[in-house]
*Asks:* 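What follows is a structure written as structure tokens; I'll ask about it next.
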There are 2 protein chains.
Amino acid sequence: MAEEMMNNKQIILKHYVEGYPKESDMEFKNNNIKLNVPEGSNVVVLMNLYLSCDPYMRSRMKNLEDSYVESFTPGYPITGCGVAKVLKSGDSNFQEGDLVWGMIGWEEYSIVTPTQSFLFKIHDKNVPLSYYTGILGMPGITAYVGFYNVCSPKKGETVFVSSASGAVGQLVGQFAKMLGCYVVGSAGTKQKVDMLKSKFGFDEAFNYKEEQDLDAALKRYFSDGIDIYFDNVGGKMFDAVLLNMKLHGRIAMCGMISQYNLKKTEGVHNLLCLIAKRICMKGFIVSDHFRLYSKYLEMIIPQIKGGNIVYVEDIVEGLENAPKALVGLFYGRNVGKQVVMVSRE
Amino acid sequence: MAEEMMNNKQIILKHYVEGYPKESDMEFKNNNIKLNVPEGSNVVVLMNLYLSCDPYMRSRMKNLEDSYVESFTPGYPITGCGVAKVLKSGDSNFQEGDLVWGMIGWEEYSIVTPTQSFLFKIHDKNVPLSYYTGILGMPGITAYVGFYNVCSPKKGETVFVSSASGAVGQLVGQFAKMLGCYVVGSAGTKQKVDMLKSKFGFDEAFNYKEEQDLDAALKRYFSDGIDIYFDNVGGKMFDAVLLNMKLHGRIAMCGMISQYNLKKTEGVHNLLCLIAKRICMKGFIVSDHFRLYSKYLEMIIPQIKGGNIVYVEDIVEGLENAPKALVGLFYGRNVGKQVVMVSRE
């Protein structure tokens with residue numbers, strides 16, 4: 001088999017990161033890659049199209065010992081969810097020309113072993129391909145599983161979503177509205193807050209950065225309390241929400257973007273509310289629920305095509321801009337799901 | 001109907017309490033009481049026998065606004081669970097001479113309205129009557145519901161119980177052993193730690209006051225992590241446990257005795273573990289589950305009579321000693337369930 005040696009631009013993590021990540025923690029580098037499948041191997045050779053920037057990736061920039069995710073390896077490319085095209089395949093589930101999404105490298109070409117990681121074939125191409133990094137990918141299943149399964153929502157309940165304009169939050173809000181819930185979201189800029197109401201149909205929204213007293217802000221929108229809190233941020237907001245939960249409320253713990261860059265996480269003081277209010281609080285990891293993916297697609301694709309669900313992405317072009325995009329997540333610079341376009345289809 | 005005016009000694013809460021409660025926050029007082037049921041009333045007149053000292057009573061010494069329990073009223077007797085004898089009854093469910101347990105006053109005689117509070121008739125008297133303040137009363141159902149329902153335990157799982165020699169903890173530990181779990185408990189004196197192993201059959205036990213590093217202590221006993229944590233204390237222990245939970249672990253939040261006397265509760269920093277480990281954490285209140293009481297009795301009474309379950313009480317005699325007994329709870333002075341005997345049967 002002829003070996004094609006190609007130039008492969010990559011985003012390398014230079015070292016483990018403390019505090020807020022900086023662009024200079026990453027390096028844009030040229031490497032070479034042989035785009036071939038060795039005899040007897042089941043690897044798949046991919047040309048990468050879109051990369052997903054997700055908050056959980058911050059954890060992987062640390063030296064993790066005992067975590068559900070693996071640390072990135074300093075000196076090697078960052079990895080994350082992305083959309084790609086199959087160039088060659090040693091796995092009978094994938095053919096040349098297939099479009100896929102799954103765990104790929106932050107680079108132009110990746111060679112992955114589908115049995116060691118995860119790679120889903122993309123069947124429906126009548127939607128923007130980038131959606132497979134978001135609403136049709138990991139954040140989508142996260143919102144679906146987190147809201148419907150973890151929160152056990154009922155029509156008419158009151159729902160609060162933090163980081164509500166993000167990849168997951170915007171979907172949770174829309175799912176809750178579809179079910180007939182009252183939904184309030186928080187975000188960090190006026191533009192995002194406006195978007196929550198005008199674009200995603202949240203009943204109310206507020207800018208948490210402009211609130212002196214988060215407890216008071218929540219009481220303004222939830223005079224009778226919160227049945228469901230979909231937590232994407234942790235920290236002070238979480239503590240304020242505890243004071244405002246209703247009896248038998250449910251909290252889905254999806255992520256804690258406010259805490260990832262702190263050396264010591266903020267202390268949460270109001271856990272006694274969990275007892276008094278009989279709250280059920282659950283952490284979950286989307287990859288445990290991938291078996292629900294096809295069921296989710298059956299539900300969501302018609303909703304997208306019918307215009308019942310909207311999805312806002314923030315797409316930057318060029319792999320070289322990926323570090324800036326990833327760093328921007330932690331400053332809330334993205335408006336909607338942050339995606340990096342590596343190559344046009 | 002002839003009115004019997006009687007002397008009625010009472011324990012009065014003098015004022016709302018800040019910090020650790022003191023005996024001087026309460027007052028031993030003589031009052032008069034008419035031991036009669038007014039025409040058409042459904043009250044029940046009780047002679048009180050045993051009073052229960054429970055950690056949650058600390059909350060009721062505060063001015064609570066929005067809680068699952070009501071504040072005590074300064075100037076009036078403290079109320080709590082207790083065992084009593086029916087002297088007169090306006091409620092057809094209770095007859096003169098019945099023994100009952102339920103919410104009564106810290107006084108010699110109480111007049112209660114069973115429909116407004118709760119009062120259970122005691123059917124089985126071939127056990128110590130004081131047990132109806134503990135293993136056969138509220139702490140018993142708490143341990144039963146909290147362990148079997150909230151924790152969803154399975155044979156062979158690893159269980160950690162804090163405040164393990166207390167009314168609830170000693171039962172949770174024994175239930176877990178009956179199911180074939182590995183059980184470790186923490187307590188605050190050598191005597192209690194010894195009792196956990198020798199009397200209640202815990203696999204291991206440790207004195208949390210002698211541990212510099214609670215995380216290290218837990219790792220010593222749970223090298224592969226904790227499946228179930230039955231939390232009676234909150235605070236630092238809770239935070240250390242979070243670091244040691246297993247994937248898909250469960251935490252029952254029963255109470256937080258370490259936090260009740262603090263002006264500001266300690267911050268909990270390790271909640272991110274709930275996500276990484278997919279933990280389910282639930283607060284619960286025993287009174288929501290009283291419907292399971294008769295089922296619980298059917299299970300537990302044969303176990304007591306058969307000697308499979310033991311129960312340790314710390315009984316002080318005399319209503320005048322009740323304040324000291326209650327205060328002692330928060331210093332861990334009691335060994336086993338703290339009970340006050342008001343009157344011999």
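Chain A is the first sequence line, chain B the second, and so forth, proteins listed ahead of strands; every chain is numbered from 1.
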*Asks:* Hey, would you say the F72(A) and W106(A) ring centroids sit under 6.0 Å apart?
*Replies:* no
*Asks:* Heavy-atom distances under 4.5 Å only: say whether D239(A) touches chain B with side chain, backbone, both or neither.
*Replies:* neither
*Asks:* Is any NZ, NE, NH1 or NH2 atom of the basic residue among D215(B) and K236(B) found under 4.0 Å from an Asp or Glu carboxylate oxygen of the other?
*Replies:* no
*Asks:* Name the region of C273(A), side chain, backbone, both or neither, that has any atom closer than 4.5 Å to a heavy atom of chain B.
*Replies:* neither
*Asks:* Under the criterion ring-ring contact (aromatic ring centres under 6.0 Å, His included), I'd like the reasoning laid out for F120(A) against F290(A): C-alpha separation, chi angles, the key distance, then a yes or no.
*Replies:* CA-CA 10 Å; F120(A) 291 97; F290(A) 277 166; 5.3 Å; yes
*Asks:* Tell me the residues of residues 264-271 of chain A whose non-hydrogen atoms fall below 4.5 Å from those of chain B, in number order.
*Replies:* K264(A), T265(A), E266(A), G267(A), V268(A), H269(A), L271(A)
*Asks:* Does any heavy atom of chain B fall under 4.5 Å from the side chain of I279(A), the backbone, both, or neither of them?
*Replies:* backbone
*Asks:* Please flag which part of F238(A) lies under 4.5 Å from any non-hydrogen atom of chain B: side chain, backbone, both or neither.
*Replies:* side chain
*Asks:* With chain B as the partner, which of K282(A), M281(A), H248(A) has the greatest number of non-hydrogen pairs under 4.5 Å?
*Replies:* M281(A)
*Asks:* Does any N or O in the side chain of S162(B) come within less than 3.5 Å of the main-chain N or O of S186(B), such that one atom is a donor and the other an acceptor?
*Replies:* no
*Asks:* Applying side-chain contact (heavy atoms from CB on, under 4.5 Å) between I251(A) and each of L242(A), I228(A), V150(A), report the one that passes.
*Replies:* L242(A)
*Asks:* Go through D227(B) and R250(B) one step at a time and tell me if the side-chain contact (heavy atoms from CB on, under 4.5 Å) criterion holds.
*Replies:* CA-CA 6 Å; D227(B) 288 305; R250(B) 287 131 275 149; 4.1 Å; yes
*Asks:* Could you walk me through whether D54(A) and Y56(A) pass the side chain to side chain donor-acceptor pair (under 3.5 Å) check?
*Replies:* CA-CA 6 Å; D54(A) 295 296; Y56(A) 82 92; 4.9 Å; no
*Asks:* Give a yes or no on whether K209(B) atom NZ has more than 12 heavy-atom contacts from other residues, nucleotides or ligands under 6.0 Å away.
*Replies:* yes
